[in-house]
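Report on one structure; see the data block that follows.
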Amino acid sequence: MIDPHRVEELLERAVRIRPRAYCPYSGFAVGASVLTDDGRFFEGVNVENAALGPTICAERAAVACAVAAGARKLVACAVVGGPREADPRAIRPCGTCRQVLHELGGGELMVYTVGVAGRSLAELLPQAFDGGSL
Ligand code: THU
């Protein structure tokens, strides 16, 4: 089980970074943070693009920062989103981000957002593809 203080900090970091989202097309600002197995935190925001397709979600931005800093195992992710000017709301990672989180955290990785209970990635992405066969 992840220390509740760590979970609190993870959520605070996602909330705090969210105003830096670059979201001129959707107006939907997302902040994310991840916690590594050695206790480090990394944050990310969504980075949109005029061509829409190249948009990077906040969770994947946070994962990229963690990996670039040497992390290879993530234990938790927090994500919050909503209209740019509004207070952060509860959201869950999109399907692509669930797959990316699975790569570095597996099914045990915990996903948190505001106001509702955390969920394991195994619950959010059951029977994930992991490169192997059945
Ligand atoms: N978005 C994220 O950053 N994370 C998600 O898990 C879902 C969606 C972003 C992408 C886009 O910039 C905006 O939210 C609206 O879809």
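Note that ligands are numbered from 1 as they come in the structure, with each ligand's atoms numbered from 1 the same way. Since the structure is predicted, the reported quantities are computational estimates derived from the model, not experimental observations.
Within a 6.0 Å sphere centred on CZ of R40, other residues, nucleotides and ligands contribute more than 12 heavy atoms.
Among residues at least two apart or in separate chains, salt bridge (charged side-chain N to carboxylate O under 4.0 Å, His left out) pairs with a member in residues 73-98 are K73-E108. Judged as a salt bridge (charged side-chain N to carboxylate O under 4.0 Å, His left out), the pairs with a partner in residues 110-134 (not counting sequence neighbours) are, in order, R119-E123. Listed by first and then second residue, the salt bridge (charged side-chain N to carboxylate O under 4.0 Å, His left out) pairs involving residues 42-69 are R13-E43 (not counting sequence neighbours).
Closest approach of T36 to V75, counting heavy atoms only: O-CG2, 3.9 Å. Nearest heavy atom pair, residue A61 against residue G44, reads CB-CA, 4.0 Å.
Near ligand 1, residues S26, F28, V30, N46, E48, T55, C57, A58, E59, P93, C94 come within 4.0 angstrom through at least one heavy atom.
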